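A quick write-up on the structure given underneath.
Here the structure is a predicted model, which is why all the values come from computation and not from measurement.
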Amino acid sequence: MTIKLISCGALRPDRRAISRTIEDIADDVHSNLAAEFTDILLAGSPVEIDVSFNQSSAYRALRKLDIEYEIVE
């Protein structure tokens, strides 16, 4: 399943937490790529990631970080 990360609504987004979450939930994403995705997301551009394992906890983690997302089939 593909998830499109649209924006982060947090007033003071925690870059390390976002990067770690992306690394944990996304398929085949290492720490450097997760950090790059985080920078792109916080700059205001959407990012697409593939999630195949435990999607419900991925949604929960994204909501906790105040990241707006949409599911792209």
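- Distance check, rounded to the nearest 0.5 Å: OG of Ser57 to CD1 of Ile25 gives 8.0 Å.
- Separation of atoms CD (Glu23) and CG (Leu33) is listed at 9.5 Å; rounding is to 0.5 Å.
- The CG atom of Asp50 lies 10.5 Å from the CE atom of Met1; values are rounded to the nearest 0.5 Å.
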Give the table of side-chain donor-acceptor pairs shorter than 3.5 Å for residues 59-70, with sequence neighbours excluded, one pair per line with atom names and distance.
residue: Arg63; atom: NH1; partner: Tyr69; partner atom: OH; Å: 3.2
residue: Asp66; atom: OD2; partner: Ala10; partner atom: N; Å: 3.3

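- The cluster map of Ile, Leu, Val, Met, Phe, Trp and Tyr, joined by side-chain heavy atoms under 4.5 Å apart, puts Phe37 and Ile71 in the same cluster.
- Residues Ala26 and Val51 share a closest heavy-atom pair of CA-CG2, 4.5 Å.
- There is a path of hydrophobic side-chain contacts, each under 4.5 Å, that joins Ile40 to Ile22.
- Among all heavy-atom pairs drawn from Asp27 and Ser52, the shortest one is OD2-OG, 2.9 Å.
- Side chain of Ser45 to main chain of Leu41: no donor-acceptor pair is present (N/O by atom type, distance under 3.5 Å, no hydrogens or angles).
- Smallest separation of non-hydrogen atoms from Ala35 and Ser19: N-OG, 3.4 Å.
- In this structure, a donor-acceptor pair under 3.5 Å is absent between the side chains of Thr21 and Asp24.
- In this structure, the separation between CD1 on Ile6 and SG on Cys8 is 12.5 Å, given to the nearest 0.5 Å.
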Run the side-chain contact (heavy atoms from CB on, under 4.5 Å) check on Glu48 and Ile3 step by step: do they pass? CA-CA 6 Å; Glu48 288 189 4; Ile3 299 176; over 6 Å; no
